[in-house]
Protein chains: 4
Amino acid sequence: MSPTSSSSPAKRERRKEARPGELLEAALDLFVEKGFAATRVDEVAARAGVSKGTLFLYFPSKEELFKAVVRENIAGRFIEWNSEVETFEGSTAELLHYCYRVWWERVGSTKASGITKLMLSEAQNFPEITQFYQQEVILPGQQLIRRILQRGIDRGEFRAVPLDYAIYVVLAPMMFLMMWKHSLGACAQGALDIDPDRYLATQADVIAYGLATRPGSTGLSA
Amino acid sequence: MSPTSSSSPAKRERRKEARPGELLEAALDLFVEKGFAATRVDEVAARAGVSKGTLFLYFPSKEELFKAVVRENIAGRFIEWNSEVETFEGSTAELLHYCYRVWWERVGSTKASGITKLMLSEAQNFPEITQFYQQEVILPGQQLIRRILQRGIDRGEFRAVPLDYAIYVVLAPMMFLMMWKHSLGACAQGALDIDPDRYLATQADVIAYGLATRPGSTGLSA
Amino acid sequence: MSPTSSSSPAKRERRKEARPGELLEAALDLFVEKGFAATRVDEVAARAGVSKGTLFLYFPSKEELFKAVVRENIAGRFIEWNSEVETFEGSTAELLHYCYRVWWERVGSTKASGITKLMLSEAQNFPEITQFYQQEVILPGQQLIRRILQRGIDRGEFRAVPLDYAIYVVLAPMMFLMMWKHSLGACAQGALDIDPDRYLATQADVIAYGLATRPGSTGLSA
Amino acid sequence: MSPTSSSSPAKRERRKEARPGELLEAALDLFVEKGFAATRVDEVAARAGVSKGTLFLYFPSKEELFKAVVRENIAGRFIEWNSEVETFEGSTAELLHYCYRVWWERVGSTKASGITKLMLSEAQNFPEITQFYQQEVILPGQQLIRRILQRGIDRGEFRAVPLDYAIYVVLAPMMFLMMWKHSLGACAQGALDIDPDRYLATQADVIAYGLATRPGSTGLSA
DNA sequence: AATGAATGAGTATTCATTCAT
DNA sequence: AATGAATGAATACTCATTCAT
């Protein structure tokens with residue numbers, strides 16, 4: 001055993017610990033791109049730079065790998081965001097614009113957005129993980145949006161729209177953008193290409209304007 | 001109706017002509033429910049009441065069956081709609097509400113909506129059919145929406161928003177509803193259940209209001 | 001029923017009776033070209049201008065069709081030939097040349113030669129029909145050749161070679177030519193193309209010369 | 001032999017390297033016995049003592065397995081033979097006998113002879129591999145025979161026969177024997193049984209004699 | 001007699017999963 | 001821990017054969 005060959009044991013150690021993460025990353029990419037069924041575990045392993053056997057060392061099955069990918073990428077960012085919303089100073093219209101922008105930076109533009117595509121695409125085949133996703137992502141997300149809208153109403157900026165459905169006015173554009181980006185948008189031939197910033201700005205503009213009370217209005221419309 | 005005229009064209013004959021349709025219907029159901037890969041051709045055949053061999057008599061492969069399902073369910077409804085939009089009398093806000101309602105009746109609430117879910121889920125795996133879908137559905141749909149918005153602007157009802165992005169303000173809520181309905185919505189646990197009518201009414205309301213010129217406004221905002 | 005439509009019932013009648021023959025002909029072509037397994041009954045039917053169902057009206061199975069093809073094309077031409085050999089006037093070397101030439105005309109160059117290719121190719125899969133082929137073709141053929149050689153020996157023209165193996169000296173070139181013609185020869189790229197007349201003439205020449213007694217020889221060599 | 005040196009390279013490892021060979025051997029047997037189509041890949045795998053999946057680990061398809069079988073069994077034996085012919089001492093008639101004998105030992109009597117049967121039977125269905133076979137086997141073989149005949153002519157032993165067709169005088173008996181052995185001969189009922197040695201001896205005898213110049217002959221006959 | 005729609009047993013091939021090394 | 005050879009259950013697709021018309 002030559003002394004040179006034993007160099008950098010740290011690197012090896014680090015890689016070893018990084019294995020699951022590398023696998024999850026590779027799996028996320030491929031699941032998002034091709035769907036659950038069309039993704040081969042060999043491919044995931046290959047992209048992560050390990051053998052197929054190694055993958056099963058860390059994840060007992062392809063399904064568990066899928067679940068792990070989803071769980072891993074559903075970080076509970078909502079606590080942080082909730083406090084940001086609480087402390088935000090400025091109009092609620094501005095808050096909405098801000099949230100869209102921040103969401104795009106932290107989620108929409110990242111691989112995490114692929115998870116939404118995955119979930120919506122595969123929900124039917126994975127009821128268990130779908131349930132989990134609802135609890136961890138959808139419901140907190142809806143709560144956050146609801147809080148924003150409530151803030152607008154409370155401050156007399158927004159009309160007293162029915163919140164249960166108004167949340168979807170805010171949510172739909174985000175979900176749509178994520179789906180689009182990972183499906184048709186990925187095959188974009190010019191016409192279908194969407195610039196996220198302009199897209200979100202336009203959506204926020206129309207929505208904020210559409211929710212806004214009017215000068216002279218009581219802020220208590222239908 | 002004379003008994004000798006044998007108005008029924010022989011059971012076998014009639015079935016033969018009905019076969020492709022029956023198969024497409026069964027395939028639509030299953031593809032939407034389980035996705036492309038998870039759908040077995042035997043199952044499609046069984047649901048259509050024929051044997052596996054018969055399916056391949058009408059469709060040379062599972063992939064061609066998929067393509068046929070997509071094609072079948074996007075018959076050029078746009079021509080009809082275009083003329084409806086041209087002749088509509090009333091405010092553009094009303095037109096928007098009307099379109100959402102009609103779209104739901106004719107597409108959103110039907111199995112055809114499953115096609116969109118399918119396409120968004122499987123787009124990457126079927127570039128050819130995705131291309132076809134863009135040409136036949138997405139682009140005509142965008143044109144129609146663009147026409148509606150233009151009408152509002154021309155009549156001084158809507159602000160001169162940038163159409164290229166405003167169309168998504170109208171489109172996103174529809175796409176979202178279809179995806180939702182066929183994914184999370186199908187596993188709905190109360191909290192996630194969406195009433196389409198209220199959903200669409202709220203969306204149309206906010207959007208129309210958000211696009212509207214204001215009393216005293218020039219109708220030429222950014 | 002217009003009188004013109006009932007024209008030429010004879011033609012129809014004739015065709016009806018010709019069906020099995022047309023099917024056998026088509027089957028022969030295809031079996032020879034592609035082998036038993038690779039030939040589809042649809043193709044046979046199509047080439048014969050009838051439906052697949054009709055084929056099974058005349059032949060209870062693909063195997064039976066195969067057997068019928070073989071049987072049909074193994075006409076007992078040997079009686080005729082035997083008498084020709086008996087009455088032939090001229091040297092036995094000339095008789096050999098004559099036989100090769102006649103064989104080529106009547107068998108080698110016709111579709112019947114395909115049967116040999118078929119039999120040799122498929123013998124293992126059809127023991128029953130192979131047995132039949134041996135009785136009807138191989139043995140009579142060997143007898144005929146034996147008679148020719150015996151004639152040469154009897155007349156002092158040929159050496160007294162061991163007949164049991166000398167027959168193959170005459171047989172091998174014919175069998176080889178048939179196989180070649182229907183296999184490699186059919187994909188011929190120039191180098192492999194064989195002109196049957198020159199081929200057979202050369203073979204007959206060498207064989208006759210090789211069997212011939214020499215001047216001063218006793219005609220009774222090993 | 002120290003116990004720690006573990007000279008046996010681990011059972012699994014050794015088997016792995018042997019796999020392709022075992023599979024090719026099993027495939028050769030079965031292809032020759034039953035033809036390409038009638039051979040099931042499961043059977044090949046079973047005979048090689050592995051599972052169906054393993055076969056596809058080494059050969060991407062049944063067709064590629066077939067090609068590999070052909071390639072494997074036609075290793076360039078011709079180089080060796082060519083030099084043997086060059087250095088042979090003795091008459092060309094003796095050389096012919098010698099070649100027939102050696103050919104039988106090294107090819108005719110081995111499984112390799114089955115390849116020729118295979119090729120002639122399946123040529124039409126595998127144009128690509130047929131092409132390969134022509135280049136690698138047929139043409140070199142013809143060259144070798146041509147060289148032998150040329151030797152006889154050059155040494156004044158053989159008549160100046162047209163080589164392009166005389167080669168078939170030598171080739172046909174070999175091809176015939178291989179075909180016979182693997183078809184009718186395999187179902188031999190006594191009458192059709194051929195003793196290769198006597199068969200080849202007779203052929204060589206007649207051919208050599210038939211090609212020979214005669215005492216007093218010029219060696220330049222047509 | 002003729003058709004051709006329907007069948008379903010049969011086969012090549014794939015791929016998640018196992019396990020000896 | 002890591003490998004990668006081996007597995008075999010699962011599945012799309014074929015094609016000889018049947019049979020109602």
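To find a chain, count down the sequence lines: A is the first, B the second, and so on, and within it residues start at 1.
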Length of the [atom1]-[atom2] vector between [X] and [N], whole Å:
X: D/Leu57; N: F/dT7; atom1: CG; atom2: P; value: 9 Å
X: A/Leu55; N: E/dC15; atom1: CG; atom2: P; value: 15 Å
X: B/Phe66; N: F/dA12; atom1: CZ; atom2: P; value: 15 Å
X: A/Phe59; N: F/dA2; atom1: CZ; atom2: P; value: 12 Å
X: C/Glu43; N: E/dG4; atom1: CD; atom2: P; value: 18 Å

Could you report the tightest heavy-atom contact between [X] and [Y], atom names first, then the distance?
X: A/Phe59; Y: A/Ala68; result: CE2-CB, 3.7 Å
X: C/Val32; Y: C/Ile115; result: CG2-N, 4.3 Å
X: A/Ala45; Y: A/Leu55; result: N-CD1, 4.1 Å
X: C/Asp29; Y: C/Lys111; result: OD1-CD, 2.8 Å

Counting only heavy atoms not in D/Glu43, do more than 12 fall under 6.0 Å of its CD?
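Yes, enclosed.
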
Looking at A/Arg47 and A/Glu22, is any side-chain nitrogen of the basic one under 4.0 Å from a carboxylate oxygen of the acidic one?
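Salt bridge absent between A/Glu22 and A/Arg47.
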
What stems, by residue range, does DNA chain E take part in, given at least 3 consecutive Watson-Crick or G-U pairs under 3.5 Å?
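So the stems come out as E:2-21 with F:2-21.
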
B/Lys52: what forms a salt bridge (Lys or Arg N to Asp or Glu O under 4.0 Å) with it, not counting sequence neighbours?
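Salt bridge (Lys or Arg N to Asp or Glu O under 4.0 Å) list for B/Lys52, sorted by chain: B/Asp42.
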
is_close_aromatic(A/Phe36, A/Phe126), centroid dist under 6.0 Å
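Yes, close enough.
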
Quick tally for nucleotides 8-14 of chain E: nucleotides whose base has a protein heavy atom under 4.0 Å get B, sugar-phosphate-only ones S, the rest -, giving B-BSSBB

E/dA6 phosphate, OP1 or OP2, under 4.0 Å from B/Tyr58 side-chain N/O:
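It does, given that an N or O in the side chain of B/Tyr58 lies less than 4.0 Å from OP1 or OP2 of E/dA6.
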
